[in-house]
Amino acid sequence: FHPAPFKILINSPTSLVVSIVLPLVLLFAIVGARESFTLERGIVDAAKKRFGSEAGNRLMAWQQFIRDDRSATEGEKLEKVNRFFNRLTFVSDAIHWQKRDYWATPVEFLASNGGDCEDFALAKYFTLKILGVPEEKMNLTYVKAWKLNQSHMVVTYYATPGAEPLVLDNLIDQIQPGSRRTDLLPVYSFNGSGLWLAQERGRGNLVGKSDRLKLWNELLERMPGSLH
């Protein structure tokens with residue numbers, strides 16, 4: 001697995017002040033955004049009309065989950081988000097959306113009460129962003145799942161630059177380090193900043209921006225603005 005590149009702060013008096021004050025500003029901004037997170041009424045009403053009244057209940061439960069989060073560490077956030085979404089049902093795109101491949105937004109995933117591996121991973125990724133986990137610490141990673149003999153998507157989290165990633169997966173509930181997931185072979189990873197090709201379990205190569213991915217672009221176009 002390969003972590004996204006991090007910017008290095010220059011060791012100077014100015015950068016020292018920034019490194020102290022900026023995290024505090026961001027912390028208050030994140031807490032405020034989390035506690036005020038609100039799904040637009042039109043989004044909820046549309047979901048209920050399309051998928052039934054329970055769709056609205058699932059969306060409200062997600063909204064409350066985000067508002068109520070008081071996790072002290074990013075590790076706690078990972079565990080809570082992983083558990084929250086792994087309760088949903090796996091359904092293939094062909095059955096669920098009548099399409100060969102479809103990346104659902106978190107709203108579509110929850111409202112329809114199921115989805116495939118990409119939908120689980122995307123919902124976790126965007127929810128963790130809302131909860132304040134920096135995007136540069138997370139990747140959406142395509143792997144080959146040996147036991148299933150098919151492509152699969154997971155979220156990979158890097159606590160620090162170059163650290164071994166933790167893997168959030170809908171196949172198992174336990175979050176494990178990448179080295180323990182010998183059943184997964186990384187192929188490529190991406191986030192809102194870039195796209196990387198993996199080299200076995202070593203370092204990957206940056207090959208461009210994530211906007212090269214058509215399904216990613218289509219997903220972002222359907223995403224409510226509050227979730228970006």
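What you see is a predicted model; the values in this text were computed from it and never measured.
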Quick one: CG on L184 to NZ on K147, what's the gap to the nearest 0.5 Å? 9.0 Å
Tell me the closest heavy-atom pair linking P106 and A123, and the distance in Å. CG-CA, 4.0 Å
Should V155 and T141 be marked as a side-chain contact (heavy atoms from CB on, under 4.5 Å) after you check the CA-CA gap, both sets of side-chain angles, and the distance that decides it? CA-CA 6 Å; V155 175; T141 303; over 6 Å; no
Using the rule that two of Ile, Leu, Val, Met, Phe, Trp, Tyr join whenever any of their side-chain heavy atoms come within less than 4.5 Å, decide whether L219 and L213 are in one cluster. yes
Heavy-atom closest pair (N191 atom, E135 atom, distance to 0.1 Å) is ND2-O, 3.4 Å
Angle class for the W103/F190 ring planes (parallel below 30°, perpendicular above 60°, tilted otherwise)? parallel
I want to check something: taking the side chain as every heavy atom from C-beta on, are H96 and Y102 in contact at a cut-off of under 4.5 Å? no
How many angstroms lie between CG in D173 and CZ in R87, if you round to the nearest 0.5 Å? 11.0 Å
Can you check whether V107 reaches P224 side chain to side chain, under 4.5 Å on heavy atoms? yes
Do L148 and L171 have side-chain heavy atoms sitting under 4.5 Å apart? yes
When rounded to the nearest 0.5 angstrom, what distance separates CD in E76 from CZ in R70? 12.5 Å
Within the 3.5 Å criterion, strictly below it, is a donor on T38 or Q63 matched to an acceptor on the partner's side chain? no
Are K144 and N149 packed together at the side-chain level, in the sense that at least one heavy-atom pair is separated by less than 4.5 angstrom? yes
What closest approach, in Å, do R58 and S112 show between heavy atoms, and which atom pair accounts for it? NH2-C, 4.2 Å
Can you tell me how far the CZ atom of R180 sits from the CD1 atom of I172, to the nearest 0.5 Å? 8.0 Å
May I ask whether L220 and M153 are part of the same hydrophobic cluster, defined by side-chain heavy atoms of I, L, V, M, F, W, Y residues being less than 4.5 angstrom apart, directly or through others? yes
Of all heavy-atom pairs linking D169 and N82, the shortest is N-OD1, 3.8 Å
Note: P165 and T156 closest approach over all heavy atoms is CB-CB, 4.0 Å
Given side chains that start at C-beta, do those of F65 and V81 come closer than 4.5 Å, heavy atoms only? yes
If you take all heavy atoms of L122 and A104, which pair is closest and at what distance? CD1-O, 3.9 Å
With rounding to the nearest 0.5 angstrom, report the CD to CG distance, E54 to L59. 11.0 Å
Is I175 reachable from L88 through a run of hydrophobic residues whose side-chain heavy atoms are each under 4.5 Å from the next? yes
If only side-chain N and O atoms count, and only distance matters, is there a donor-acceptor pair under 3.5 Å linking D69 with S71? yes
How long is the straight-line distance from CG of D119 back to CG of D93, given to the nearest 0.5 Å? 6.0 Å
Test F109 against every option in F51, F84, F120 by the ring pair (Phe, Tyr, Trp, His ring centres under 6.0 Å) rule and name the one that passes. F120
Given side chains that start at C-beta, do those of L128 and M138 come closer than 4.5 Å, heavy atoms only? yes
Under the criterion side-chain contact (heavy atoms from CB on, under 4.5 Å), I'd like the reasoning laid out for D116 against V91: C-alpha separation, chi angles, the key distance, then a yes or no. CA-CA 5 Å; D116 67 359; V91 189; over 6 Å; no
Can you check whether L39 reaches M60 side chain to side chain, under 4.5 Å on heavy atoms? yes
Say whether F126 and I43 are linked into one hydrophobic cluster, either directly or through other cluster members, by side-chain heavy-atom distances under 4.5 angstrom. yes
Derivation of the side-chain contact (heavy atoms from CB on, under 4.5 Å) call for N170 and C117: CA-CA 7 Å; N170 67 290; C117 61; 3.7 Å; yes
Between N57 and K48, a side-chain donor and acceptor under 3.5 Å: no
Aromatic centroids of Y142 and W196 separated by under 6.0 Å: no
Side-chain donor-acceptor pair under 3.5 Å between T127 and W62, yes or no? yes
Check R222 with E108, please: is the shortest side-chain N to carboxylate O separation under 4.0 Å? yes
Given side-chain contact (heavy atoms from CB on, under 4.5 Å), test E136 with Y158 step by step and report yes or no. CA-CA 8 Å; E136 61 265 27; Y158 302 84; over 6 Å; no
Y157 and V133, any side-chain heavy atoms less than 4.5 Å apart: yes
Could you give me the CA-CA distance, side-chain angles and deciding distance for D45 and R41, then say whether salt bridge (Lys or Arg N to Asp or Glu O under 4.0 Å) is met? CA-CA 6 Å; D45 288 345; R41 182 63 180 270; 3.2 Å; yes
